[in-house]
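First the structure, in the form of structure tokens, and then the observations on it.
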2 protein chains.
Amino acid sequence: MDTPWLDRPQLRAWIRLRAVLALLPGVLDAQLRRDAGLTEFEYQVLATLSETPGRTLRMTELSRLSNATLPRLSHVVTRLQGRGLVERCSCPENRRTTNVLLTDDGWEKVRQAAPGHVATVHHHVIDALTGEQLEQLTAIGDALLTRLDPSGTMAATYTRYDGAPEPQAPADG
Amino acid sequence: MDTPWLDRPQLRAWIRLRAVLALLPGVLDAQLRRDAGLTEFEYQVLATLSETPGRTLRMTELSRLSNATLPRLSHVVTRLQGRGLVERCSCPENRRTTNVLLTDDGWEKVRQAAPGHVATVHHHVIDALTGEQLEQLTAIGDALLTRLDPSGTMAATYTRYDGAPEPQAPADG
DNA sequence: CGGGAATGGTTGTCGCGACAAGTTTGCTGT
DNA sequence: ACAGCAAACTTGTCGCGACAACCATTCCCG
């Protein structure tokens, strides 16, 4: 294959994106682990459940909404279950699906963890950008996700807050 | 603290960024692991060395350039050394520093791995964006990194290709 | 209604990364 | 000149995530 190297503008953008990719997850994870004893992914699982009517989701659906593979989610749910934050309850009408339910303790946990996490996101992402840049980032994200998730398997995930009015539930989405 | 929740535009941008954060590393890693038997981070270490005159860097400097902590780099260098791709050579004038040298095998490895990796970056990032979006992404990256790396410890990393003409070395930067 | 195929989850193993010591070398002050 | 501290790495331990293999259930279809 003829290899098209990156020219300067491309390189400049890519280097920055790679740095953000390397640094941001660590920052988010550290804050949550320190203040709430949760992984960013664990938080996302709990938060997603907290935003769902009935606080319940099937494993597959939950894995889509949290950008995770099924094995990964299964392990995490096992751990969260051990801590009493979620429960597995197999649904009767389809016996191969597993429903995950956010317990009251889990709800309380995410309620306590949310402010600090949202503040971190605000400080490290939102407040760093202008309103215009936020829109640009949204468009760029859409473009990238078209390539990263061409089948649109997880498309429902990141379009769920398009249109419609203001949010009401806690967590961050 | 009064918790400022995310409004819709902020939420939309954040959800997309989070999805990219979750998906992109896996894609890059999978391609490199499959085609070259390298982690994205291992590749970055080798590539960084390959772009350096003398193919040698101190551990600390290398860790900065690859957005990694020193322990992490140390472990990875140990592994790469075991595979004969780099060598540790303690420099005589300052005996607490360790220099890392890219071996010929390592050079060959990165030379073989580069095209596939660059192609992946092209397909999943560069080609997905317009030239204007690329510039926007650069600016956004700068803004975010100001918060993620306020001390500017790693600032030299992502400004090293600003200004000046075209690149000549392989790898991707 | 019986035998694949496909769907939905779980479990096991392995390797990497984070964090927290520990170690050696160089610097600094008095 | 020596005490103490900082810099530069290394090492050890632990937990999470990727991947593959596996099991159960349901669908499909002649």
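Heavy-atom basis, side chains included; hydrogens, waters and symmetry copies ignored. Per chain, numbering begins at 1; letters A, B, ... match sequence-line order.
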Are side-chain heavy atoms of B:Leu38 and B:Arg83 found at a separation under 4.5 Å?
yes
Please determine whether a side-chain nitrogen or oxygen atom of B:Arg72 lies at a distance below 4.0 Å from atom OP1 or OP2 of C:dC16.
no
C:dG8 phosphate, OP1 or OP2: any side-chain N/O from A:Thr97 under 4.0 angstrom?
no
Within the modelled atom types, does a donor on one side and an acceptor on the other bring the side chain of B:Arg96 and the base of D:dA7 under 3.5 Å apart?
yes
Please state whether the phosphate of C:dT10, meaning OP1 or OP2, lies under 4.0 angstrom from any side-chain nitrogen or oxygen of A:Arg88.
yes
Among C:dT10, C:dG17, D:dT10, the one nearest A:Thr98 by side-chain distance
C:dT10
Counting C-beta onward and ignoring hydrogens, is there a side-chain heavy-atom pair between A:Leu32 and A:Thr39 closer than 4.5 Å?
no
Does a side-chain N or O of B:Asn94 approach OP1 or OP2 of C:dG26 to a distance below 4.0 Å, or not?
yes
Side-chain N or O of B:Arg95 closer than 4.0 Å to phosphate OP1/OP2 of C:dT25:
yes
Under 4.0 angstrom between A:Arg79 side-chain N/O and D:dG17 OP1 or OP2
yes
Nearest-nucleotide check on DNA chain D, A:Glu93 vs A:His75; residue mapping nearer the 5' end is A:His75
So which one's nearest nucleotide on DNA chain D is more toward 5', B:Gly26 or B:Arg58?
B:Arg58
Is there a side-chain contact between A:Asn67 and A:Phe41 in this structure, where contact means two heavy atoms from C-beta onward sitting under 4.5 Å apart?
no
